[in-house]
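Below is one structure, written out as C-alpha cells; the observations come after it.
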There are 2 protein chains.
Amino acid sequence: MALLQQDATQACAALGKAVGLSAGAAHERVRKLRERGVIRRTTVEVDAAALGQGVLVFVMVESSAWMGEPGAAFGAISGIQEARIIAGSASVLVKLRTAATMQLQDVLRRLYAIEGVSGTQATVAPETFFERPVSPRAD
Amino acid sequence: MALLQQDATQACAALGKAVGLSAGAAHERVRKLRERGVIRRTTVEVDAAALGQGVLVFVMVESSAWMGEPGAAFGAISGIQEARIIAGSASVLVKLRTAATMQLQDVLRRLYAIEGVSGTQATVAPETFFERPVSPRAD
DNA sequence: GGTGAAAAAAACTAGCC
DNA sequence: GGCTAGTTTTTTTCACC
C-alpha cells in the first residue's frame with residue numbers, strides 16, 4: 001500500500017478501492033503504519049528550481065579528525081540538504097543546493113571553517129536521471 | 001509557508017493561524033503553489049530500515065562513453081533511489097539502498113552490466129548527520 | 001482485520017471587502 | 001489577495017461481523 005502513498009493526497013476511500021478494502025479499513029492500515037513509524041511523516045515535494053535553488057552539488061568533505069559530533073556545524077550552513085558520514089576516503093558526504101555556482105564558493109568557505117575539515121571535493125550534478133522514493137514491496 | 005508544509009498533514013486552518021491568515025486564504029495559497037508547480041506533490045516519508053532497506057550506499061559510476069541516455073538502465077535496478085549525471089571525474093552518482101552489504105555485490109554486478117560502465121566506487125554511509133527538505137525563505 | 005454507517009472535521013466554493 | 005459563511009467531501013469513530 002505504501003506504493004500508493006508515494007503518489008497522493010487522495011482520499012482513504014480511493015486508497016481502499018485501489019487495494020480492495022473499505023474506506024475505514026484503509027484508514028486503519030495507514031494509521032498503523034504511521035504508529036509503527038513505517039510512515040515517518042507526510043510532506044510536500046517542493047521544486048528546488050522554483051525556489052531559486054537550481055544548482056545541485058555534492059561535496060566530499062575530508063577531515064583530519066573524527067567527524068562524529070560536528071553534525072550541527074553542517075546543519076548551520078544554509079543550502080545543505082544532507083550530510084552523512086561515509087566509509088570511503090572522504091569523511092562526510094554533503095548534498096547541497098544553491099542558486100548559482102557562484103554561491104558555491106561561499107558554502108565551501110564555510111565548510112572549511114568547520115573544525116577538522118582538511119579538504120573538499122565538489123561535484124556539480126546538472127542532470128538527474130531520476131529520483132524516486134524508497135519503494136517497498138507491495139504492502 | 002512552504003516551511004510548514006515540510007512538517008505536516010495539518011489542517012489548512014492550522015496553517016493559516018500559524019502565518020496569520022484565515023483557513024480559506026491559506027487554502028488558496030497552497031492551491032496556487034500547487035498550480036505553479038512549486039509544490040510538486042504530496043508524499044509520505046517512509047522509514048527505509050523498516051522496509052528492510054537499512055543500508056545506504058553511494059556509488060560513483062565511471063563510464064567510457066557519454067551516459068546521457070541509459071537513465072532507464074539505472075531505473076531498472078531495484079534499490080537505486082537516485083541516479084544523476086555529475087561533472088566530476090566519475091560520470092554518474094547513484095544512491096541506493098539494500099537490506100545488507102551482501103546484496104550490494106549484486107547491485108554492482110548489475111551496474112557493470114550497463115553499456116559503457118567502466119568502473120564503480122561504492123561508499124557506504126552508516127550514519128546520517130541530518131537530512132532535510134529544500135528549505136526556502138519564508139513564503 | 002474487515003465492514004458499513006453515523007459523527008466530526010476538514011477541504012473547497014462563492015460572494016464581498 | 002484576504003475574510004466569512006455556506007456546501008461538499010473526507011477523515012475518524014464505533015458497534016458489529
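Numbers restart at 1 for each chain; the letters A, B, ... are given by sequence-line order, proteins then strands.
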(request) Would you indicate which nucleotide in D:dC3, C:dT13, C:dT3 comes nearest to any side-chain atom of B:Ala25? (result) D:dC3
(request) Using atom CD of B:Gln10 as one end and atom P of D:dT11 as the other, report the distance to the nearest whole Å. (result) 16 Å
(message) Measure CG/A:Leu15 against C1'/C:dG2 and give the value in whole Å, please.
(response) 16 Å
(request) Take the protein atom NZ of A:Lys32 and the nucleotide atom P of C:dG2, then report the distance between them rounded to whole Å. (result) 8 Å
(request) State which of D:dC3, C:dA11, C:dT3 makes the closest approach to the side chain of B:Ser22. (result) D:dC3
(request) Take atom CG of B:Leu21 and atom C1' of D:dT4, then tell me their distance rounded to the nearest Å. (result) 13 Å
(message) Could you report the tightest heavy-atom contact between A:Pro126 and B:Ala87, atom names first, then the distance?
(response) CD-N, 4.4 Å
(request) Specify the separation, in whole Å, of atom CD of A:Glu28 and atom P of D:dC17. (result) 19 Å
(request) Starting at atom CZ of B:Arg31, determine the distance to atom P of C:dA14, rounded to an integer number of angstrom. (result) 12 Å
(message) Under a 3.5 Å cutoff, is there a donor and acceptor pairing between the side chains of A:Ser63 and A:Ser91?
(response) yes
(request) Any chance you could lay out the salt bridge (charged side-chain N to carboxylate O under 4.0 Å, His left out) test for B:Glu28 and B:Arg31, step after step, and finish with the verdict? (result) CA-CA 5 Å; B:Glu28 180 68 6; B:Arg31 195 191 60 76; 3.1 Å; yes
(request) Please say whether more than 12 non-hydrogen atoms of neighbouring residues, nucleotides or ligands are located less than 6.0 Å from CD in B:Gln10. (result) yes
(request) Mind listing the closest non-hydrogen atom pair of A:Val57 and A:Ala122 along with its distance? (result) CG1-CB, 4.1 Å
(request) Pick out which of B:Lys95, B:Arg84, B:Arg40 makes a salt bridge (charged side-chain N to carboxylate O under 4.0 Å, His left out) with A:Glu131. (result) B:Arg84
(request) Could you check which of C:dA11, C:dG2, D:dT13 has an atom nearest any side-chain atom of A:His27? (result) D:dT13
(request) Please map the stems of DNA chain C, keeping only stretches of three or more Watson-Crick or G-U wobble pairs with both distances under 3.5 angstrom. (result) C:1-6 with D:12-17, C:8-17 with D:1-10
(request) Could you please name the option among C:dG1, D:dT11, C:dG2 that lies closest to any side-chain atom of A:Arg29? (result) C:dG2
